[in-house]
Amino acid sequence: MVKIKFTSVKMKKRKQLIKKLDQVFSEYIRKQNANEYGMVECFTCGSVKHWKNMDAGHFMSRSKYSTRWDDKNVQVQCKACNVFKHGEQFKFSLKLDQVYGKGTAEELMIKSNNLQKLSNFELKSLIEEYSSFS
Ligand SMILES: [Zn+2]
């Protein structure tokens, strides 16, 4: 009984850490790409808006933990591309290769299939690292 309770507390803690890291990382991606007025360009359609009105969109899905907080895999996207057009994955792949070099999209796809489990300690370090940018 005690052990089960302990595990569920631990899992809850982990869930909170992941949620927090998603938040700080999303903000980091959007702010890092913003100009002095806070404006950023959508990676897949080029529309420009304030970073607060943009999303951080994933090329390989967030369900893949090895690329969930990869700063190539996650780019600024407008809500039209990220939500209504489901991430524009094909355009995303073309732009990745254009910006970072041919083969980048494929590399990310391969990386996304590596099983990676970050420890809670690693999650906390990443939260600290990305929080320091804001
Ligand atoms: Zn867009």
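Counting starts at 1 for both ligands and their atoms, following the listed order.
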(request) Might you work through the side chain to side chain donor-acceptor pair (under 3.5 Å) test for K13 and N120, ending with a clear yes or no? (result) CA-CA 8 Å; K13 175 85 185 140; N120 284 5; over 6 Å; no
(message) So, with waters excluded, how many protein N/O/S atoms does the Zn ion (ligand 1) have closer than 2.8 Å?
(response)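 N, O or S atoms of the protein closer than 2.8 Å: 4.
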(request) Kindly assign one of parallel, tilted or perpendicular to the pair Y28 and Y130, based on the angle between their ring planes and the thresholds 30° and 60°. (result)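 Plane angle between 30° and 60°, so tilted.
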(message) Between N33 and W51, does the side chain to side chain donor-acceptor pair (under 3.5 Å) criterion hold? Intermediate values first, please.
(response) CA-CA 8 Å; N33 288 289; W51 70 266; over 6 Å; no
(message) Working note: S119 + E122, criterion side chain to side chain donor-acceptor pair (under 3.5 Å); need CA distance, chi angles, decisive distance, verdict.
(response) CA-CA 5 Å; S119 66; E122 287 170 309; 3.3 Å; yes
(request) Would you mind checking if D55 and K79 are paired as a salt bridge, meaning a charged N to carboxylate O distance below 4.0 Å? (result)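 A salt bridge is present here (some side-chain N lies under 4.0 Å from a carboxylate O).
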(request) For atom CD of E106, decide whether the heavy atoms of other residues, nucleotides or ligands shown that lie under 6.0 angstrom number more than 12. (result)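 No, not enclosed.
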